Amino acid sequence: MITLLQVSEIPSLHAWAGGDAAFERLIDAFYDRVEHDELLAPLFPGGVSTEHREHVTAWWIEVFGGPATYTAGLGGYHRMVNKHVNLGITPEQRFRFASLMSLAADDAGLPSDPEFRAAFVGYVEWGTRIALANSAPGADVVQQAPVPHWGWGVAPPFTG
Ligand code: HEM
């Protein structure tokens, strides 16, 4: 028998993933892979700093429904978007970035259920395509927007 959750009972993706600690593991695992990747490492000369890892972790936590620390303390969407301006990300780099994110989710022991991973890769696909577009030289970049709040999409968590 299938149990349907009331909308108010559906956990955030942040809670389902395991809270802040899960995103810290995810982003560390991701950048550990980036540092050894021939396509992505050149974007981070000298390696990926602890500060960068912490900032990106805060972004992901906020997007997935945790505390809004990136907006409150780091500069929000405006800061993030300007970090990508003029990077000139190639389609190959975008695809590698998205692929390493999925592998890092396994490395970090994030939930592997189909619903969570569908939402996860949905955000990765969306975010990397926006980063690619914004990074093109001369791109018309939207400077101010709320940090997105990602959700479960069409498939809320399966509880049996
Ligand atoms: C879901 C997609 C993405 C998210 C959520 C994301 C998130 C972020 C955030 C939050 C920052 C700023 C960190 C800070 O505040 O200091 C950042 C910087 C950066 N991102 Fe992304 N990013 C994405 C896609 C990409 C892609 C596809 C690439 C390249 C292949 C990329 C390369 C970089 C680089 C090189 C920086 C550092 C720039 C600098 O400090 O000068 N990002 N990213």
Side-chain angles (χ1 to χ4, degrees), residues 12-108 110-112 115-153 155:
S12 67
L13 292 165
H14 170 264
W16 187 264
D20 289 4
F23 289 90
E24 287 161 13
R25 293 197 309 276
L26 169 72
I27 298 303
D28 262 338
F30 173 68
Y31 284 122
D32 287 351
R33 284 185 177 269
V34 165
E35 286 181 339
H36 295 97
D37 186 273
E38 75 280 9
L39 285 179
L40 298 179
L43 291 167
F44 297 93
V48 186
S49 68
T50 302
E51 188 184 46
H52 181 79
R53 291 168 185 242
E54 287 172 357
H55 290 176
V56 174
T57 300
W59 172 272
W60 275 76
I61 287 171
E62 182 167 341
V63 168
F64 276 67
T69 313
Y70 197 90
T71 294
L74 290 171
Y77 189 86
H78 180 72
R79 176 186 168 96
M80 182 283 297
V81 88
N82 283 294
K83 290 285 185 182
H84 296 102
V85 166
N86 280 326
L87 278 183
I89 297 167
T90 65
E92 292 75 20
Q93 286 174 317
R94 186 210 69 80
F95 182 73
R96 183 66 60 83
F97 187 106
S99 307
L100 293 191
M101 265 293 174
S102 278
L103 291 170
D106 291 340
D107 296 342
L110 261 58
S112 59
E115 293 76 19
F116 178 79
R117 290 302 180 96
F120 179 84
V121 298
Y123 175 65
V124 171
E125 196 67 17
W126 186 80
T128 56
R129 286 175 188 277
I130 291 177
L132 172 73
N134 284 336
S135 78
D140 185 13
V141 175
V142 175
Q143 287 289 337
Q144 295 290 354
V147 170
H149 287 164
W150 211 251
W152 290 93

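Bear in mind the structure is a predicted one, so any value in this text is a computation, not a measurement. Counting convention: from 1, in listed order, for ligands and their atoms alike.
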Visitor: What do you reckon, are the aromatic ring centroids of Phe120 and Trp60 less than 6.0 Å apart?
Guide: yes

Visitor: Ignoring hydrogens, what is the shortest heavy-atom contact between Pro148 and Tyr123? Give both atom names and the distance.
Guide: CG-CE1, 4.4 Å

Visitor: Quick one: closest heavy-atom pair of Asn134 and Val81, and the distance?
Guide: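 Heavy atoms of Asn134 and Val81 come nearest at ND2-CG2, 3.3 Å.
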
Visitor: Can you list the ligand 1 atoms lying under 4.0 Å from a non-hydrogen atom of Tyr123?
Guide: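 Answer for ligand 1: 1 (C), 5 (C).
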
Visitor: Which ligand 1 atoms, with their elements, are less than 4.0 angstrom from a heavy-atom of Leu43?
Guide: 29 (C), 30 (C), 35 (C)

Visitor: Please report the closest heavy-atom contact between Arg79 and Tyr70, naming both atoms and the distance.
Guide: CD-OH, 3.4 Å

Visitor: Return a yes/no value for His55: is any of its N or O atoms, backbone included, closer than 3.5 angstrom to an N or O of ligand 1?
Guide: yes

Visitor: With sequence neighbours left out, write down each residue that passes side chain to side chain contact (heavy atoms under 4.5 Å, CB included) with Ala139, or none if nothing qualifies.
Guide: Ala136, Val141

Visitor: Taking all non-hydrogen atoms of both residues, which atom of Gln93 and which atom of Gly88 are closest, and how far apart?
Guide: OE1-O, 4.1 Å

Visitor: Work out whether the distance between some heavy atom of Leu74 and some atom of ligand 1 is less than 4.0 Å.
Guide: no

Visitor: On a heavy-atom basis, which atom in Asp37 and which in Pro42 lie closest, and how many Å separate them?
Guide: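 So the minimum-distance heavy-atom pair works out to O-CD, 4.1 Å.
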
Visitor: Indicate, as side chain, backbone, both or neither, the part of Arg79 found under 4.0 angstrom from ligand 1 when only non-hydrogen atoms are considered.
Guide: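 Answer for Arg79: side chain.
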
Visitor: I need the nearest protein heavy-atom contact for atom 35 (C) of ligand 1: residue, atom name and distance, please.
Guide: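 Of the protein heavy atoms, Phe44 CZ, 3.4 Å lies nearest.
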
Visitor: Counting each atom of ligand 1 from 1 as listed, which ones have a heavy atom of Leu40 under 4.0 Å away?
Guide: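 Matching atoms, with element in brackets: 30 (C).
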
Visitor: Under a 4.0 angstrom heavy-atom cut-off, which atoms of ligand 1 come close to Ile89?
Guide: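 Reading through ligand 1 atom by atom, the close ones are 26 (C), 28 (C), 29 (C), 30 (C).
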
Visitor: How long is the gap from CD1 on Ile61 to NE2 on His14, to the nearest 0.5 Å?
Guide: 5.0 Å

Visitor: Under 4.0 Å from a heavy atom of Gly127: give me the atoms of ligand 1 that qualify, with their elements.
Guide: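 So the atoms of ligand 1 that pass are 1 (C), 2 (C).
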
Visitor: Would a 4.5 Å heavy-atom cut-off, applied to side chains only, mark Ile27 and His55 as touching?
Guide: no

Visitor: Are Glu125 and Arg129 close enough for a salt bridge, meaning some N to O gap below 4.0 Å?
Guide: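 The answer is yes: the pair qualifies as a salt bridge.
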
Visitor: Looking at ligand 1, does Trp126 have a heavy atom less than 4.0 Å from it?
Guide: no

Visitor: Using a 4.5 Å cut-off on heavy atoms from C-beta on, say whether the side chain of Val56 contacts that of Phe30.
Guide: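 No, their side chains stay 4.5 Å or more apart.
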
Visitor: What's the count of protein N, O or S atoms under 2.8 Å from atom 21 (Fe) of ligand 1?
Guide: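 Total protein N/O/S atoms under 2.8 Å from atom 21 (Fe) of ligand 1: 1.
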
Visitor: At a 4.0 Å threshold, what atoms of ligand 1 neighbour a non-hydrogen atom of Leu87?
Guide: 32 (C), 33 (C), 34 (C), 35 (C)

Visitor: For atom 36 (C) of ligand 1, find the nearest protein heavy atom and state the residue, atom name and distance (0.1 Å precision).
Guide: His52 CE1, 3.8 Å

Visitor: With a cut-off of 4.0 Å, which atoms of ligand 1 are near a heavy atom of Trp60?
Guide: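 Listed by number with element: 5 (C).
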
Visitor: Any side-chain heavy atom of Leu100 sitting closer than 4.5 Å to one from Val34?
Guide: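 The answer is yes, as the side chains (C-beta and beyond) meet within the 4.5 Å cut-off.
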
